[in-house]
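Heads up: the structure comes next, in structure tokens.
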Amino acid sequence: MKTKIYRLDDNIRTVVRGQTNAGQDGREALAEAQKAIQELFKRIKDIKEKANKSEEMVKEITRDIKQLDHAKRHLTASITTLNHLHMLVGGVDTLESLTRRRQYADVANLLQGVVNVLEHFNKYMAIPQIRQLADKVKKIQGELGVQILSDFEEAFANASKPIGNQKQLTEACLVVNVLEPKVKKDLLKWFVKLQLSEYLHLFQENQDIAWLDKIDRRYAWIKRALVEYEEKYGRMFPAEWEVSERICVEFCNITRDELSKLMQKRSTEIEVKLLLFSIQRTTNFETLITKRFSGTTLLPPGEATSPVDVNVLEETKEDEDAGVDNPFEEGQIEMKTAMKAQQSPFQGIISGCFESHLHIYIQSQDQNLSELIERFVADFKTNGPPRVESEQGGAIFPSCADLFVYYKKCMVQCSQLSTGTPLLSLTSTFQKYLRIYAMRLLSGTLPKAVVNTPSVSSLNISTLLKEGLKDSSTEVTRFTSKEQFLVCSILCTAEYCLETTQQLEGKLREKINTDLRNKVDLTNEVDLFHNVIANCIHLLVQDLEALCEPALTAMNKVNWSVVEAVGDQSSYVTAVTSHIKQVLPNIRDNLASARKYFTQFCIKFVNSFIPQFVNHLYRCKPISTVGAEQLLLDTHSLKTVLLDLPSIGSQVARKAPASFTKIVVKGMTKAEMILKVVMSPADPIQAFVDNYLKLLDDTDTSNFQKVLEMKGLKRSDQNMMLELFKTRLPSQTTTGRGQHGATAVREETSRIKRLEKLIKKKL
């Protein structure tokens, strides 16, 4: 161990001594590094100085070479400029000579070259000689424009003589292409005006052929004029000038303006047949020129459509010359349903002038629809409701199909005339007569509602009043089979109108302009047909209820406290079942085409009948235990009948909808629970109250009191049970029920007063 300790001590001493020497070695290494860096900086400085000297030497060597390059470049530019100047001077002199001799073919070629050469001298315009040459070229261009226009005017001065210098004029058009655009514009404006001068003279406002009934002659004239132009001057003008199209466009603009002025002055003479005839002929012409011309003169550059064969005009002209329909022919003029042409600037270029007068068309359709509705009403009064021709359910009124067919015809017709404000006005007219149809043909033809004087027991009045109204309570009027069929037919018709009105709204939205689309809204009309359907269902439910009411009244007249044994179902149940089996199959067959509304009828009936049955059940008092058992049997029998209500008398067994079944089960179960409570012993009273709350879960004190009255308990016992019942209720519920009971008492008192007044009047 000592030996190891000695070794460790030696090692430690060696390390300590080494660390002492390390500090000295570090300082020496740092000094050497600094010295090396200084030497490196010196070398970099020397290299930089040598590089600068080398650069100066290269510049001295290449200085003369650069001077030679600049001199060569300037010399080349000078030679080129002199050549261009020589060409320009010679070209200007030649242009002056060719212009005087009217050698337009050579002028067209040379002028373009001179103009291109002159562009090279734009930066030398400050030199007087160059400026003079540029002015000369500009002067020559101006003289050429005036001279060419003069040549055209001279050539066309005498229309009776053929043009002898047509080749020269064709070459002049090539020169016009090189000149400023204004020259071409002025020349085309003059030529188009010349071609349409005859049209302006023939169709002046005071001429007989200018009126709408001879509008065909306008279009026949332009077709003939365009054909003549193509034959005589078609090759004179370059094809890209679209001279034929320009003539046609100007014709359209003039015709639109002239027709607008004419119709404004003679607006009282415009009849709907004449207006439709004019629009039809005009839209046909617009469709024709859309196929013939590309529309490049009307559209922005680069947005032209493809032109069609040139011979279209000529062929159509021959077809229309063969015969024209009489615009004053008997009957309504039918607009041809044609495929809409591709969107073109020619669409509406003339027919747009008729849009401000389309109110005449709308007024005519309003009058036609009014007459149509009157005819429908007269037919219904004469022939009565439609007859069933198949087993598809209640017949739909033929008049509603006729109405919508006429609507479709009007919509298609008007959309061809305009898809703007006039179509929106027509939509308003459609809405107006949909409402009239619903009121006069549907709601107006419904049979009168069932008359059923409320029974005394339904108002909880004394037995004296009950005897006083004994005779009046039996006055019940129900629908005959024809009236029942009529109600179902009106319901089916209203459903058809509802669905078709929604489709009509969609079609109108498709056709009308985008900015007016949100204004097309037939929601009110759809709601109106919904109301008609709801009214029909209500009448059918009310009719069946009135039929079952005497049977329920008979149930109240039975003394249920003396029933000794439970037998088969009671006679009132048999009567209700008989009435339901008698009415339901007919209604189901009549509503076979509107199955969902038959289901609604069933739901509404049970929603109304079951509470009515429960109310009648409350009026059966007092009831013995055996009587309650008999009523429970009757209730179960009614429940079975009601559950089978949608398929009673049907050969096809269909499962009732779940929503319907839930309503029946919930309502009739309440009636069963009421009877079970009545059957339960009243002593002890705590158990009776707990049983009531458990079975019925009803916290209404008035209903609890009705159950107590059904059991025939004494007033004192009833008061005790009521007090106990109230203690079992939450405080908020008791307060709310008390307020509700006070309100019910006030309502009951007002009903009694009204009934007393009714008795006095009848007595």
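Quick note: residue numbers are just sequence positions, from 1. Below, each value reflects all heavy atoms present in this structure, side chains not excepted, and no hydrogens, waters or symmetry copies.
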Between Glu549 and Gln612, does a side-chain hydrogen bond (donor to acceptor under 3.5 Å, both in side chains) hold up when you go through it step by step?
CA-CA 9 Å; Glu549 178 66 23; Gln612 188 178 2; 2.2 Å; yes

With no hydrogens and no angle check, do the side chains of [X] and [Y] hold a donor and an acceptor under 3.5 Å apart?
X: Thr290; Y: Gln347; answer: yes
X: Glu258; Y: Gln204; answer: no
X: Asp644; Y: Ser647; answer: yes
X: Glu525; Y: Gln431; answer: yes
X: Ser351; Y: Glu286; answer: yes
X: Ser418; Y: Glu355; answer: yes
X: Ser399; Y: Tyr437; answer: yes

State the [atom1]-[atom2] distance between [X] and [Y], to the nearest 0.5 angstrom.
X: Leu434; Y: Thr427; atom1: CG; atom2: OG1; value: 10.5 Å
X: Gln365; Y: Leu426; atom1: CD; atom2: CG; value: 7.0 Å
X: Leu441; Y: Ile436; atom1: CG; atom2: CD1; value: 10.5 Å
X: Asn253; Y: Phe251; atom1: CG; atom2: CZ; value: 10.5 Å
X: Ile580; Y: Leu547; atom1: CD1; atom2: CG; value: 9.5 Å
X: Phe529; Y: Cys400; atom1: CZ; atom2: SG; value: 8.5 Å

Heavy-atom neighbours of [X] [atom1] exceed 12 at 6.0 Å:
X: Gln264; atom1: CD; value: no
X: Arg266; atom1: CZ; value: yes
X: Lys507; atom1: NZ; value: no

If I compare all heavy atoms of [X] with all of [Y], which pair ends up nearest, and what's the gap?
X: Cys353; Y: Met263; result: O-CE, 3.5 Å
X: Ser415; Y: Thr419; result: O-CG2, 3.5 Å
X: Leu442; Y: Ile490; result: O-CD1, 3.6 Å

Under 4.0 Å between a Lys/Arg side-chain N and an Asp/Glu carboxylate O for Arg517 and Glu510?
no

Presence of salt bridge, Glu505 and Arg509, under 4.0 angstrom
yes

Within-4.5 Å side-chain heavy-atom neighbours: [X] and [Y]:
X: Val583; Y: Leu540; value: no
X: Ser481; Y: Asn586; value: no
X: Leu276; Y: Gln413; value: yes
X: Cys252; Y: Ile289; value: yes
X: Tyr361; Y: Cys410; value: yes
X: Cys536; Y: Leu446; value: yes
X: Leu212; Y: Phe354; value: yes
X: Met411; Y: Leu504; value: yes

Step through it carefully: locate the ring centre of Tyr199, locate the ring centre of Phe203, and say whether they are under 6.0 Å apart.
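Yes - the distance between ring centres of Tyr199 and Phe203 falls below the 6.0 Å cut-off.
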
Looking only at the aromatic ring of each residue, does the gap between the centers of Tyr407 and Tyr433 stay below 6.0 angstrom?
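No, they do not, as the ring centres are separated by 6.0 Å or more.
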
Please lay out, stage by stage, how Glu374 and Arg440 fare under the test salt bridge (Lys or Arg N to Asp or Glu O under 4.0 Å).
CA-CA 10 Å; Glu374 292 298 332; Arg440 296 191 62 185; 2.7 Å; yes

Audit row: Asn284, Tyr219, side-chain hydrogen bond (donor to acceptor under 3.5 Å, both in side chains) steps and yes/no:
CA-CA 10 Å; Asn284 289 345; Tyr219 305 133; over 6 Å; no

Apply side-chain contact (heavy atoms from CB on, under 4.5 Å) to residues Gln363 and Val272 and explain how you reach the verdict.
CA-CA 9 Å; Gln363 291 171 0; Val272 64; over 6 Å; no

Does Phe397 form a ring pair (Phe, Tyr, Trp, His ring centres under 6.0 Å) with Phe380? I'd like the steps, not just the answer.
CA-CA 9 Å; Phe397 288 6; Phe380 184 84; 5.5 Å; yes

Under the criterion side-chain contact (heavy atoms from CB on, under 4.5 Å), I'd like the reasoning laid out for Leu645 against Ile648: C-alpha separation, chi angles, the key distance, then a yes or no.
CA-CA 5 Å; Leu645 195 67; Ile648 285 180; 4.2 Å; yes

Side-chain donor or acceptor of Arg588 paired with backbone N/O of Phe598 under 3.5 Å:
no

